[in-house]
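Here's the structure we're looking at; comments come further down.
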Amino acid sequence: MTDREEFPEGFLWGAATASFQIEGATTADGRGASIWDTFCATPGKVLGGDTGDPADDHYHRHAQDVGLMRELNLGAYRFSVAWPRVLPEGSGEVNRAGLDFYDRLVDTLLAAGIQPWATLYHWDLPQRLQDAGGWPHRDTARRFADYAAVVAERLGDRVRHWMTVNEPWCASFLGHHLGVHAPGHRDPVAALAAAHHLLLGHGLAAEAIRSTGHDARIGLAHNQAVIRPHSATAEDVRAARRADGVRNRIFTDPLLRGAYPADVLADLAHLTDFSFVADTDLAAIATPLDFLGVNYYAPEWVAASAKGLDPDTVSGGGVGSGEDGGGGAWIGATPEEVHVSQGLPVTHMGWEVDPSGMYDVLRRLAAESGGIDLYVTENGCAYEDTVTGDGAVHDPDRIAYYEGHVRAALEAVRSGVPLRGYFAWSLLDNFEWAWGYSRRFGLVHVDYATQERVVKDSGRWYARLAGTGRIPRR
Ligand code: GCO
């Protein structure tokens, strides 16, 4: 290892996106409807009534965007496959035109010397499967494995790295408990069943991918929260344990240990007896991971109650690690438990900027995951951007965010964490879920009216980092 500014030789630098957030073309070439198309069409659910069109029209502009990836010196590109493009009804007949798009994308990436890293589920469940019960319904896990097999059969000769599910916490709890993501339900028991079936779907899909016989390395992208007690009181420490259980360990324990944590089962006993878990499920979920993807944005602080705290600094539990949870109590929280902001600088999402959380999350997951490779599969920030008269986007805050978090990641690597790569979120400004197009995370600015792309100063900074493995001096 060289000095404190340089990553190890071979460290992988990439950028990440997701199908619904960038592709547009929501009805092109046989694509079926997803739950996010339905959610967007439901008045009041998405800011400004924004939808998945036009997004970045990536479906038609992928070759141009791969050119931008080359300009940024990316070694890898993390994208997601839209299930409803491949199986418009969620199961049954394959839409060849849908698969053909991903075929073209993969070939274009390989021709550019960029590794394709594919996420199979980044929240765009086919509506037809939602109509049949969605993730609270066990059969959806099996349909997911069938879909994974179709995609892996077609792309597995060229795609080596697979993430089955992106952020099961968001898909289950934001979608089924807080209701701020599709399908917009507020049913804690259904949310817990959805969380379980997303994990089961991961396990079954991993088996399906491996059964193709292609050389596959399989992981999952988990948004592990860094949850800190607001104070050292026993009550706040207990609140942090409880929040950590339902935010993190309810996923990492089944994945890494093959069991749900006893304290979480006890904390949730008033809601469910977990009878939706079948005898063979946890063995399937705990199938060995080849790597673990870590999506990290911001730490969060919790307290047992708002008593004595500045009311302007507290919000309902359940606002996970930087996700737009929007308040409400996290699963199983007492009515009093809250999140407490610390008055740190915030991004345009209102997420507090504290790079030490990156070091903490990597150290913790390295300790819990038994030495498997870790990749930061998402890290980035939203700030308000404008294209200046000289046709540039000057975004010093975003550069500062990346520099701080990449430096923290390097410190983790120097401490022995087996972090093998980092994917910036995101390559392009894109559809930020319930925030619509109002939040810009891209290294590249997108004018949604003209579809013009402009590489931001942060994109130029990242290109120097990705091209040298050294943290650029400013
Ligand atoms: C997530 C998703 C991304 C988001 C990004 C910013 O982590 O929520 O994977 O789709 O857009 O994280 O919120």
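All ligand and atom numbering here is 1-based and tracks the order in the structure. When reading the values below, keep in mind they use all heavy atoms of this one structure, side chains included, and skip hydrogens, waters and symmetry mates.
- Here Tyr448 pairs with Tyr437 under the ring pair (Phe, Tyr, Trp, His ring centres under 6.0 Å) rule; sequence neighbours left out.
- Taking any N or O of Asn430, backbone or side chain, none lies under 3.5 Å from an N or O belonging to ligand 1.
- Set against the non-hydrogen atoms of Gln21, the atoms of ligand 1 under 4.0 Å away are 3 (C), 10 (O), 11 (O).
- Among Arg78, Glu432, Glu378, Arg439, the residue whose heavy atom lies closest to atom 6 (C) of ligand 1 is Glu432.
- Seen from the ring of Tyr59, Arg85 counts as a face-on cation partner, given the 6.0 Å and 45° thresholds.
- Residue contact annotation: His122 has a non-hydrogen atom under 4.0 Å from ligand 1.
- Each of the atoms 2 (C), 9 (O) of ligand 1 lies under 4.0 Å from some heavy atom of Asn166.
- Backbone and side-chain nitrogen or oxygen atoms of Tyr297 are examined, and one is located within less than 3.5 angstrom of a nitrogen or oxygen of ligand 1.
- The distance between the ring centers of Trp135 and Tyr121 falls below 6.0 angstrom.
- Contacts with ligand 1 closer than 4.0 Å are made by no heavy atom of Met349, backbone or side chain.
- Under the salt bridge (Lys or Arg N to Asp or Glu O under 4.0 Å) criterion, Arg398 pairs with Asp385, Asp395, not counting sequence neighbours.
- Annotation for ligand 1: atoms under 4.0 Å from non-hydrogen atoms of Trp433 are 3 (C), 4 (C), 10 (O), 11 (O).
- When atom types are taken as modelled, the side chain of Arg160 and the backbone of Gly156 share no donor-acceptor pair closer than 3.5 angstrom.
- Taking the ring axis of Trp461 as reference, the NZ or CZ atom of Arg474 does not stay both within 45° of it and closer than 6.0 Å to the ring centre.
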